[in-house]
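Worksheet for the structure shown next.
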Amino acid sequence: MDFIIQAAVKAVKALYQTDLNAADIGLQPTRKEFEGQITIVTFPFTKFSRKSPEQTGNDIGEFLKNEVNEISGFNVIKGFLNISLSDAYWIDQLYTEVLPDSFAEFKPNGKKVMVEYSSPNTNKPLHLGHVRNNLLGYSVAEILKAAGYAVIKSNLVNDRGIHICKSMLAWQKFGNGETPESTGEKGDHLVGKYYVLFDKEYKKQIDELKSMGQTEENAKKNAPMIKEAQEMLQKWEAGDEDVISLWKTMNLWVYDGFGKTYKALGVDFDQYYYESNTYLLGKDIVDEGLAKGVFFRKDDGSVWIDLTSDGLDEKLVLRSDGTSVYMTQDLGTAQLKYNDYHMDESIYTVGNEQDYHFKVLFLILQKMGKQWAKGLYHLSYGMVDLPSGKMKSREGTVVDADDLISEMEQTAKEQTEALGKVIDYTEDEKQELYHTIGMGALKYFLLKVDPKKRLLFDPNESVDFQGHTGPFIQYTHARIRSVLSRVEQPPSPLKGEYKTLASEERDLIFALTQFPETITLAASGYSPAIIANYVYEVAKSFNKFYHEKSILQAEDEVTKQFRLQLAAASAKVIRKSMGLLGIEVPERM
RNA sequence: GGUCCCAUAGCUCAGCUGGAUAGAGCAACAGAUUUCUAAUCUGUAGGUCUUAGGUUCGAAUCCUAAUGGGAUCACCA
């Protein structure tokens, strides 16, 4: 729409002898109840036009109509100049912009960005909260890729620490040598089972100690279970062979399980980092910070940074015994990532409960003069809550990712069968379709919401398949493919022969042309929700068109070919948009 | 207590850098299928945009404060 802005700048200059920047012209889509597609708000111009908003709008409208031949007409309502572009313009847009393969394909922008997401703990299976994280990270990575970035998807696996020792210890004590093979249980679930078991036993011991007169605080410290787990962690850090060997074995079980879940979710990674390799990093940075005077050492030997002048607190960056804390590791890992890739931006997909941590992390790196620190971004998202409140792994009040996925597939199956669809599919084809639809419903449900908002998930209320949902959009795609499959040859252009658009056609073309700037917007805001809401608009526009106008039974061949092209373009935009959300679209459903 | 985030229809959410009578979906009600897939389409009903000030020609949007909800402020990660 640049040409309209340019022309408007020219109009203002010619009519009112005033120089404006392109940014001063506020273009917006015309509201549905008015004639036209593009609206210029003329209130701001009255200052120098010294005329009423209506008169100003009329003046500019008249000028534009004479100046720009794509403009076929205009009307003015109060301070709003509604511009109609000619059908020839919109038809040309379809053929020369939307239909070519290059549509919405961005040239590489020369920038490299790392998107870290997932970053699981290896002591328990993934739950719904992780699902949101994974889908969000994956989608943002795909959107950035589409916008021209070179993207590295990374996963920082939290594979060490007290939590995994808890699972290991419980397995040693109560496991009787169980393995995923011997039980048939998915590895991550098996390990998670012992994590829960640890907590159960631990609580029992706490209660015992309390009944013997200890305070809650002391009981938590003194319970044998926790002491053993801590000993185990020390052994791990000391490189004890047996502990390391058990640790490796159980982590492999977990990775095997995660691999299956990742595959079902359709996410992938280019680079894995493991905390067992990175947890000692960061001490160099602490030294560097001390040398630069950014950090200071207290009498007990601990190292801190004073952020009070930034409205924050003092923050510990190294323990008095010289060991690392979370912050130390993250400082080191940030440097490691940068050394590995020299990326321009680095995104951390982590829940908003860690807002403070990342604020501090980024601030420290900036204070240390790391020029790459300005490219760090915390993609913070809201928690997924249940009607009962927060999900807690230890208490078993979680919506398990694998369970959820199979429930979604099951629901997709029931819906499909109830509607009597695809009865001629083979079992394998059906399974694949149910997975596609079920995941489409789940992914869309999670991604259509602004990431920073918290999300309420009611397990008793199934995710919708109708209305503003993934399956609705998938269905629209399947519909189009069905129509296209009925013509023998690919639609031919017949450019220039179709002259007059129906309003449904014009609206649909307009929606399609918005795709590139929607990608830009979503990329700059790191928001899959923008894509999700956009593709819904496209699907709605198509369905309306489909309902009002017959494609295959069009009045004449020219119209039919044009509509086939329009349908094909719609299918393409839907498929690509959904791809950015990590959602597949079926040929039939 | 300090800091940060959120608040829009009964429910779930849109509303881009301030612009027209605040929009969708679900749920409710009424319709549409001899015609390309009814997981669709059309219509009805549903709102003091939490509240109070302020900036502005103009505020759901920006600023301040209050209220309610959430998070965080560990020598945990």
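Here the structure is a predicted model, which means the values were calculated and not measured.
Annotation: U21(B) and A60(B) have their C1' atoms spaced 15 Å apart (nearest Å). Using C1' as the reference atom, G43(B) and C13(B) are 23 Å apart when rounded to the nearest Å. Rounded to whole Å, the C1' atom of A14(B) lies 7 Å from the corresponding atom of G23(B). Spacing between G58(B) and A20(B) at atom P, rounded to whole Å, works out to 14 Å. Remark: the separation of the P atoms in C16(B) and A7(B) is 12 Å, to the nearest Å. Annotation: A24(B) and G46(B) have their P atoms spaced 15 Å apart (nearest Å). Here the separation of C63(B) from U44(B), taken at their C1' atoms, is 41 Å to the nearest Å.
If you check U40(B) for Watson-Crick or wobble pairing at under 3.5 angstrom, you find it paired to A32(B).
Counting non-hydrogen atoms under 4.0 angstrom, Asp450(A) reaches the backbone sugars and phosphates but no base. Across all strands, Val325(A) comes closer than 4.0 Å only to sugar-phosphate atoms, never to a base (heavy-atom distances). Met383(A) comes within 4.0 angstrom of nothing in the nucleic acid, heavy atoms only. Among the heavy atoms of the strands, none lies under 4.0 Å from Asp24(A). No contact: Lys47(A) has no heavy atom under 4.0 Å from any strand. Residue-level contact check: Ile437(A) touches the bases, meaning some heavy atom is under 4.0 Å from a base atom. Across all strands shown, Tyr356(A) has heavy atoms under 4.0 Å from sugar-phosphate atoms exclusively, and none from any base. Residue Ala478(A) is classed as a base contact, given a heavy-atom separation below 4.0 Å to a base.
Side-chain contact check for Glu504(A) versus Leu508(A): every heavy-atom pair is 4.5 Å or farther apart.
Of the candidates A77(B), U35(B), A14(B), the closest approach to any side-chain atom of Lys453(A) belongs to A14(B).
For A20(B), the base is stacked against the aromatic ring of Phe80(A), per a cut-off of 5.5 Å between centres and 30° between planes. Residue-nucleotide stacking is not present for Phe472(A) and A39(B), judged by a side-chain ring centre under 5.5 Å from the six-membered base ring centre and planes under 30° apart. Centre separation under 5.5 Å together with a plane angle under 30° does not hold for the ring of Phe43(A) and the six-membered base ring of G58(B), so they are not marked as stacked.
Remark: the Thr416(A) side chain and the A39(B) base include a donor-acceptor N/O pair separated by less than 3.5 Å.
Not less than 6.0 angstrom separates the ring centroid of Tyr274(A) from the ring centroid of Trp247(A).
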